[in-house]
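Below is one structure, written out as structure tokens; comments come after it.
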Protein chains: 2
Amino acid sequence: MTTDPSTRRSRILDFIRQRIAAGQPPSLAEIAAASGFASRNAAYKHVQALAEAGLIELAPNQKRGIRLPAAARADDLIALPVLGRVAAGAPIGADVPLDQPLWLDGRLFALRPDYLLRVQGDSMIGDGILDGDLVGVHRSAEARDGRIVVARVEGEMTIKRLQRLHGRIRLLPRNPAYAPILVEPGQDFAIEGLYCGLVRRG
Amino acid sequence: MTTDPSTRRSRILDFIRQRIAAGQPPSLAEIAAASGFASRNAAYKHVQALAEAGLIELAPNQKRGIRLPAAARADDLIALPVLGRVAAGAPIGADVPLDQPLWLDGRLFALRPDYLLRVQGDSMIGDGILDGDLVGVHRSAEARDGRIVVARVEGEMTIKRLQRLHGRIRLLPRNPAYAPILVEPGQDFAIEGLYCGLVRRG
DNA sequence: CGTCATGGTGGTCATTTGTACACCGGCTGG
DNA sequence: CCAGCCGGTGTACAAATGACCACCATGACG
């Protein structure tokens, strides 16, 4: 045969997946054009074969009716804005454009985060949270004892482990080089959110 | 003020977003049905208004031609199979995803991972890699000195820092409680892939 | 060689669906 | 009270597109 069919068919699958991820399933005409076919029917037959194999699902008579089977579908995506240094600051853009949200699988987190925050400093290395990590933060003004929280103290944003004792609040770093922060009554203090996971680029 | 746009119109926006995330933009008829309209034209006008406001983008004359603007689009999604406990000797190449794949934003990683691997043990806590973390792994049999790699030694999968010296290879843990692994010549050894980041649920 | 499966071309048909026009009822402002 | 806008209904038209049919080229196989 002139060309390897299996390679071509999987390339068509890749094309379909990419287009769906980009927001819209392709039509047969687009598949044909992308594959170099002159007629939509060639694409049609490939698509039928892919559906037969269970690699895609078809909505009959529906325009752009190609869907991915549930197992391969991204049905729990959440878009998270990436916040840089909150207080005074130069945005941290370099790697991920800050204006664009980052998409993550919602199943990744037990508690659904509202935004991602870039960690500054190494005060939490004892919990494996390093400088530059992106932590998922769920907005909340309440937190139980022992939780890792993002808090604002005197206008400074920090991520620390929360400790409540005798009605007082302490913020514990997880690095022996840092001292716990004791929140004085009347001091500017607020819990901004709860830590719910992190992502790190190697 | 053009009347309160937040109620019905934003519900339509949410509907559109949800459908796109599910794999296929809705048609006007579907929007009308979901919104309780009797005629597609009501949906049409709302969609036009949303496009006017820049909240969505329309591909003219194209069926299901609603797209999200680039800033809100998940255009670099990758589906990663999650490999769990790797039994001794089982090659990673023939991956059987234990679960559904996890979708992550490709921009998260400098090096595109091929799969996620659940970390066992605490031998890398010095690099902030904890037990239970999911590390992104890019398949590769080569690695430069100093990189964190996933390697197979005598059938055991480990994640360690690679050190090359005098033509020999050492695998360095990042935990003083563990000793470096010196790879003997003739020993079963292979680099499975390169560490390229991690995700952790808090 | 004859037959069949595979993979592609071209064209036709019917449905879906974007686009457009006419119109209506309620609300608001002058 | 009337003009005009807004949001919705109904209808109509045409483009996009899925579904299907007839047919051809090529290679594998008995």
Side-chain angles (χ1 to χ4, degrees), chain A residues 1-69 73, chain B residues 1-69 73:
Chain A
M1 49 192 70
T2 49
T3 46
D4 184 4
S6 72
T7 307
R8 171 164 301 183
R9 186 159 293 174
S10 68
R11 248 205 303 266
I12 291 178
L13 219 203
D14 285 344
F15 175 74
I16 291 171
R17 285 190 172 133
Q18 179 215 320
R19 285 308 211 65
I20 288 180
Q24 191 187 34
S27 67
L28 292 178
E30 289 169 354
I31 296 174
S35 306
F37 300 152
S39 90
R40 287 172 291 157
N41 196 29
Y44 177 67
K45 289 181 181 175
H46 276 123
V47 163
Q48 290 299 324
L50 286 170
E52 193 89 12
L55 295 170
I56 58 176
E57 285 174 356
L58 297 181
N61 281 325
Q62 198 172 282
K63 315 304 179 183
R64 297 173 185 273
I66 301 179
R67 328 256 310 219
L68 295 179
R73 199 182 316 154
Chain B
M1 178 159 168
T2 56
T3 68
D4 177 20
S6 58
T7 44
R8 191 182 312 240
R9 188 158 293 174
S10 71
R11 248 204 305 265
I12 291 179
L13 219 204
D14 285 344
F15 176 73
I16 292 171
R17 284 191 172 131
Q18 178 214 322
R19 284 309 210 66
I20 288 181
Q24 190 186 34
S27 66
L28 292 179
E30 289 168 354
I31 295 174
S35 305
F37 300 151
S39 92
R40 288 173 294 155
N41 199 25
Y44 177 65
K45 290 180 181 176
H46 275 122
V47 163
Q48 290 299 323
L50 286 170
E52 193 90 12
L55 295 169
I56 59 176
E57 283 174 358
L58 296 181
N61 284 323
Q62 198 172 280
K63 316 303 180 183
R64 297 172 185 274
I66 301 178
R67 327 257 309 220
L68 295 179
R73 199 185 314 152

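A quick note: this is a predicted structure, and the numbers were derived from the prediction, not measured. In what follows, chains carry the letters A, B, and so on, assigned in the order in which the sequence lines appear, proteins first and then strands, with residues in each chain numbered from 1.
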Check: At what distance, to the nearest 0.5 angstrom, does CD1 of A/I20 lie from CD1 of A/I56?
Finding: 8.0 Å
Between protein and nucleic acid, restricted to nucleotides 21-23 of chain C and to nitrogen or oxygen atoms under 3.5 Å apart, what atom pairs and distances do you find?
residue: C/dC21; atom: N4; partner: B/N41; partner atom: ND2; Å: 2.6

Check: Between A/F37 (CZ) and D/dC24 (C1'), how many Å, whole number?
Finding: 16 Å
Check: A/I31 has an atom CD1; how far is it from atom P of D/dA16, in whole Å?
Finding: 17 Å
Next item on the list: Return the minimal non-hydrogen interatomic distance between A/P69 and A/G54, and the atom names on each side.
Entry: CG-O, 3.6 Å
Check: What heavy-atom pair brings A/E57 and A/L68 nearest, and what distance separates the two atoms?
Finding: OE1-O, 4.1 Å
Next item on the list: Scan B/A42 against the nucleic acid and name what it touches under 4.0 Å (heavy atoms): base, sugar-phosphate only, or nothing.
Entry: base
Identify the pairs formed between an N or O of the protein and an N or O of nucleotides 15-18 of chain C at a distance under 3.5 Å, and give each distance.
residue: C/dT15; atom: O2; partner: A/K63; partner atom: NZ; Å: 2.6
residue: C/dT17; atom: OP1; partner: B/R64; partner atom: NE; Å: 3.0
residue: C/dT17; atom: OP1; partner: B/R64; partner atom: NH2; Å: 2.5
residue: C/dT17; atom: O2; partner: B/K63; partner atom: NZ; Å: 3.1
residue: C/dG18; atom: OP1; partner: B/R64; partner atom: N; Å: 3.0
residue: C/dG18; atom: OP2; partner: B/L28; partner atom: N; Å: 2.8
residue: C/dG18; atom: O3'; partner: B/N61; partner atom: N; Å: 3.4
residue: C/dG18; atom: N7; partner: B/R40; partner atom: NH1; Å: 3.0
residue: C/dG18; atom: O6; partner: B/R40; partner atom: NH1; Å: 3.2
residue: C/dG18; atom: O6; partner: B/R40; partner atom: NH2; Å: 3.3

Just jot down the side-chain contact (heavy atoms from CB on, under 4.5 Å) partners of [X], sequence neighbours excluded, or say none.
| X | result |
| --- | --- |
| A/A59 | A/Q62 |
| B/L55 | B/L13, B/L50, B/A53 |
| A/Q18 | none |

Note to self: By the ring-ring contact (aromatic ring centres under 6.0 Å, His included) test, which pairs, at least two apart or in different chains, include something from residues 12-35 of chain B?
What the structure shows: none
Margin query: Tell me which pairs pass salt bridge (charged side-chain N to carboxylate O under 4.0 Å, His left out) where either residue lies in residues 24-35 of chain B, with sequence neighbours left out.
Written below: B/R19-B/E30, B/E30-B/R64
Scan the side chains in residues 32-41 of chain B for donor-acceptor partners under 3.5 Å anywhere in the protein, sequence neighbours excluded, and list what turns up.
residue: B/S35; atom: OG; partner: B/I31; partner atom: O; Å: 2.9
residue: B/S39; atom: OG; partner: B/N41; partner atom: N; Å: 3.3

Notebook entry, point to check: According to a strict under-4.0 Å criterion, is B/H46 in side-chain N/O contact with OP1 or OP2 of D/dC6?
Noted result: no
Check: Reckon A/Q48 has a side-chain N or O less than 4.0 Å from the OP1 or OP2 of D/dA19?
Finding: yes
Item checked: Test item: A/Q48 and A/L58 side chains (from C-beta on) under 4.5 Å apart, heavy atoms -> yes
Check: Does any non-hydrogen side-chain atom of B/P25 lie less than 4.5 Å from one of B/I16?
Finding: no
Notebook entry, point to check: At how many degrees, to 10°, do the end axes of the helix from C/dC1-D/dG30 to C/dG30-D/dC1 meet when each uses five pairs?
Noted result: 10°
